[in-house]
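A, B, ... follow the sequence lines: proteins, then strands. Residue 1 opens every chain. All values below come from the heavy atoms of this structure, side chains included, with hydrogens, waters and symmetry mates left out.
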Amino acid sequence: MLNILTLAATEAGEMLEGLKAIGAGLGYGLAAIGPGVGIGTVVGNAISSMARQPESAGMVRTTMFLGIAFTEALALIGFVVFILLLP
Amino acid sequence: MSIKQEIEEEVMENISTQPEKRIANHLAVRAIWVSPLFLVISAIGWGLGGAISALLALVLVAFNFLTGAAIITRTVKISPNLLYGSVLGGYVLRLAILTGVVMSVRTFDWFKTVPFAMTLLVTHLGLLATETRHISASLAYPDLKPTKSKEIR
């Protein structure tokens, strides 16, 4: 991997930019894993609650929507770091 | 029919069957309300390009909320399994759209990263945090708190 990068980037600056791009992409991907797990947990528990108490489905859906939106904020932080790191 | 019964019937009619859609619409309207603040700050700091970048971030935040709510509203009627799959798929899809939009405009001269990033994060979190003050989440009012005219006295 390092040899390929060294061959591809003839100048040190280009290699640094390439590494920055790889780091940004990796960071964004890793930052999206946590919220994915979180959203899965939120929706799974919401469905379980709706199945147990169908009359409270409205309340559960409200809480679920807000939970999803708050969890997504973590992915947005990762996205912001990604665009700030991009060369 | 007494006045109280009439009001109760009106309230029952107005109870939302799509709570997430009402919340998302409320969030989008509030995003419009706060938009001048971000546009002015970005315009002062980064010029016209900054203001356009902040506007793009506001549009993306509103789009994100509205799409998320639309996915839940459409799939919850069909099956819980579809709801689960669609919400997770929708999360990936919305992130992909966000990334695609930004990657396609980031090479333009007018795009400024800092006001875009600042507006995106602050608006998303700020709107959600203030929205919690307007949420009722009770059996009678599952989404937003009732307005004065709809309250049963």
message: Taking side chain as everything from C-beta outward and backbone as N, CA, C, O, which of these in Phe116(B) sits under 4.5 Å from a heavy atom of chain A? Side chain, backbone, both or neither.
response: side chain
- line: Distance col, row Ile23(B):CD1 vs Thr62(A):OG1, nearest 0.5 angstrom, shows 4.0 Å
Distance-only side-chain donor-acceptor flag, Tyr91(B) / Thr71(A), under 3.5 Å: no
query: Hey, what do you get for CZ (Phe79(A)) to NE2 (His124(B)), rounding to the nearest 0.5 Å?
result: 12.5 Å
query: Can you tell if the side chain of Leu83(B) reaches within under 4.5 Å of the side chain of Met50(A), non-hydrogen atoms only?
result: yes
message: Under 4.5 Å from any heavy atom of chain A, what part of Val92(B) do you find: side chain, backbone, both or neither?
response: neither
- prompt: At a heavy-atom separation under 4.5 Å, does Ile68(A) approach chain B through its side chain, its backbone, both, or neither?
  reply: side chain
Portion of Ala32(A) that has a non-hydrogen atom of chain B nearer than 4.5 angstrom: both
- line: Turns out that what part of Leu98(B) lies under 4.5 Å from chain A's heavy atoms comes down to both
message: Between Phe82(A) and Met103(B), is there a side-chain heavy-atom distance shorter than 4.5 Å?
response: yes
- prompt: Among Ile77(A), Ile39(A), Val60(A), which has the most heavy-atom pairs under 4.5 Å with chain B?
  reply: Ile39(A)
- prompt: Checking Leu95(B) against chain A: side chain, backbone, both or neither under 4.5 Å from a heavy atom?
  reply: both
- request: Select one option (side chain, backbone, both, neither) describing which atoms of Phe70(A) are under 4.5 Å from chain B's heavy atoms.
  value: both
query: Would you say Leu48(B) and Ile52(B) make side-chain contact, with heavy atoms under 4.5 Å?
result: yes
Which portion of Ile47(A) sits near chain B, non-hydrogen atoms under 4.5 angstrom: side chain
Heavy atoms of other groups near Lys21(B) NZ, more than 12 under 6.0 Å: no
